[in-house]
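Bear in mind that the values here come from a model prediction, so they are computed numbers and not experimental data.
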Protein chains: 2
Amino acid sequence: MGANLLDKTDVKILSLLQRDASVALTEIAEQVNLTTTPCWKRINRMQQMGVIRRQVALLDAAHLKLDLIAMVQLKTQQHSRQWFNDFLLQIKDLEEVMECYRMAGEYDYMLKVVVQDMRSFDAFYKKLVSRVTGLTEVTSSFAMEQLKYTTELPLSAYS
Amino acid sequence: MGANLLDKTDVKILSLLQRDASVALTEIAEQVNLTTTPCWKRINRMQQMGVIRRQVALLDAAHLKLDLIAMVQLKTQQHSRQWFNDFLLQIKDLEEVMECYRMAGEYDYMLKVVVQDMRSFDAFYKKLVSRVTGLTEVTSSFAMEQLKYTTELPLSAYS
DNA sequence: GATGAAACATCAAGATC
DNA sequence: GATCTTGATGTTTCATC
């Protein structure tokens, strides 16, 4: 096994862990036809490498009354390094922003924003435009229903 | 503590777990000024309630060469229950689709798609339009950079 | 909320291919 | 020479009290 490569057993382990990280090592080992030690060493190695970033609990948004998901698209005329760094800091600090992408195409940035309701969204919107200067356009689209949400990366290319 | 309600200690536990689910119960208990037993009972209860949905490992896309994120917006003239059910099944089956929303506004659906490169995206695109009939418009925007990605829901409203 | 038994992860030493 | 097995040790979970 080369320095930074993943073999099929590694990918199988990743696939199991990104589906359910609460299963016991014993069972993962069993599923990949290994005993616990080598399986544990592989997981450890992949954590060191950074392939496995972290282990988290996924919560249910509805139970927490976080019922509104918005996609916010931004345009700006500011493209300096300074502006970008400030923007990045603000975005990271705004906990309502769960995802943010710099886009190719018409809009410069796209944000996925999660809040309780329209009232909270309005508060978020005001906070955003007051903290981030130089925005020339802010367009929000609202999700009526979440049809799919997964944190599992597509790994079938590796199997 | 009411039947389905969460107190501040519960929210604190949730906040810790959605940040890092690998920490020992002992430490979580310590952080919320509880001993292990009551803390464990709270976590257990929140799992039963469904507030805690699951525990997963988050993988690093770059290590797996999944370097292309696309936002795909769809329009359709099909709005029957039958069509929607078929659409939903296809979307759930397409592992490249990590998120999917039914939207208010100009486009009917928005998909977040993760693939290795433009070549794989093209393969995905062909698969999508061949499997899902009745699409009148398919517009893809590509992310040049992921500035933020978190699975942590915003809980500050509760603290 | 304390206790302790059972389950589990971790690690060392050595076997196997 | 990397990858595995066994078994011993320390840690964590979780049911009973």
Side-chain angles (χ1 to χ4, degrees), chain A residues 1-60 63-64 151-153 155-159, chain B residues 1-60 62-65 151-153 155 158-159:
Chain A
M1 182 164 47
N4 269 337
L5 291 167
L6 302 172
D7 65 14
K8 293 201 171 173
T9 304
D10 289 324
V11 175
K12 187 81 204 295
I13 293 170
L14 290 176
S15 169
L16 292 167
L17 285 179
Q18 73 167 347
R19 193 156 302 155
D20 184 358
S22 70
V23 301
L25 184 61
T26 327
E27 203 184 311
I28 293 166
E30 206 169 282
Q31 299 232 28
V32 296
N33 296 313
L34 242 47
T35 51
T36 56
T37 309
C39 187
W40 178 80
K41 280 185 178 164
R42 280 165 184 266
I43 292 171
N44 227 21
R45 173 173 157 271
M46 293 193 285
Q47 277 166 346
Q48 302 309 315
M49 281 170 65
V51 184
I52 299 173
R53 292 200 301 130
R54 54 211 300 230
Q55 206 178 109
V56 299
L58 299 182
L59 308 183
D60 183 67
H63 272 99
L64 296 155
T151 56
E152 289 176 43
L153 293 174
L155 297 183
S156 74
Y158 291 95
S159 58
Chain B
M1 183 164 47
N4 269 338
L5 291 167
L6 303 172
D7 65 14
K8 292 200 172 175
T9 304
D10 289 324
V11 175
K12 187 79 205 295
I13 293 171
L14 289 177
S15 170
L16 292 168
L17 286 178
Q18 73 168 346
R19 192 156 303 153
D20 184 358
S22 70
V23 301
L25 183 61
T26 328
E27 202 185 310
I28 294 166
E30 205 169 282
Q31 299 232 26
V32 296
N33 296 313
L34 241 48
T35 51
T36 55
T37 310
C39 187
W40 178 79
K41 279 182 181 168
R42 280 166 184 267
I43 293 171
N44 224 23
R45 171 173 159 271
M46 293 193 285
Q47 277 166 346
Q48 300 310 314
M49 281 170 66
V51 184
I52 298 173
R53 292 200 300 125
R54 55 211 300 231
Q55 205 179 110
V56 299
L58 298 183
L59 309 183
D60 182 68
H63 272 99
L64 295 155
K65 303 220 167 69
T151 56
E152 288 176 44
L153 294 174
L155 297 183
Y158 291 94
S159 57

Nearest listed nucleotide, side chain of A:T37, among D:dC4, D:dA15, D:dT6
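Among the listed nucleotides, the one closest to the side chain of A:T37 is D:dT6.
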Walk me through it: do B:D60 and A:V51 pass the test side-chain contact (heavy atoms from CB on, under 4.5 Å)?
CA-CA 5 Å; B:D60 182 68; A:V51 184; 5.5 Å; no
In the structure I gave you, are the side-chain heavy atoms of A:L34 and A:I28 within less than 4.5 Å of one another anywhere?
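Not in contact.
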Are the side chains of B:R42 and B:T9 in contact, using a 4.5 Å heavy-atom criterion?
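Yes. Closest side-chain heavy atoms under 4.5 Å.
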Below 4.0 angstrom, which residues in residues 11-28 of chain B have at least one non-hydrogen atom near DNA chain C?
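Those residues: none at all.
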Look at the side chain of [X] and the backbone N and O of [Y], then say whether any donor-acceptor pair between them is shorter than 3.5 Å.
X      : Y      : result
B:R54  : A:R19  : yes
A:Y158 : A:K12  : no
A:Q18  : A:L153 : yes

Rounded to whole angstroms, how far apart are CZ on A:R45 and C1' on D:dA2?
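After rounding, the gap between these two atoms is 12 Å.
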Quick one: A:W40 CH2 to D:dT6 C1', roughly how many Å, whole number?
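Rounded to whole Å, this separation is 16 Å.
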Please name all residues satisfying side-chain contact (heavy atoms from CB on, under 4.5 Å) with B:E30, sequence neighbours left out, ordered by chain then number.
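side-chain contact (heavy atoms from CB on, under 4.5 Å) list for B:E30, sorted by chain: empty.
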Taking only the side-chain nitrogens and oxygens of A:R42, find out if one of them lies under 4.0 Å from OP1 or OP2 of D:dC4.
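For A:R42, the contact criterion (side-chain N or O under 4.0 Å from OP1 or OP2 of D:dC4) is met.
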Contact boundaries of DNA chain C with chain B (under 4.0 Å, heavy atoms), 5' to 3'?
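In short, chain B contacts DNA chain C from C:dG1 to C:dT3.
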Earlier contact from the 5' end, DNA chain C, for A:T36 and A:K41:
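This one resolves to A:T36.
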side-chain contact (heavy atoms from CB on, under 4.5 Å) for B:L16 and B:I13? Distances and angles first, verdict last.
CA-CA 5 Å; B:L16 292 168; B:I13 293 171; 5.6 Å; no
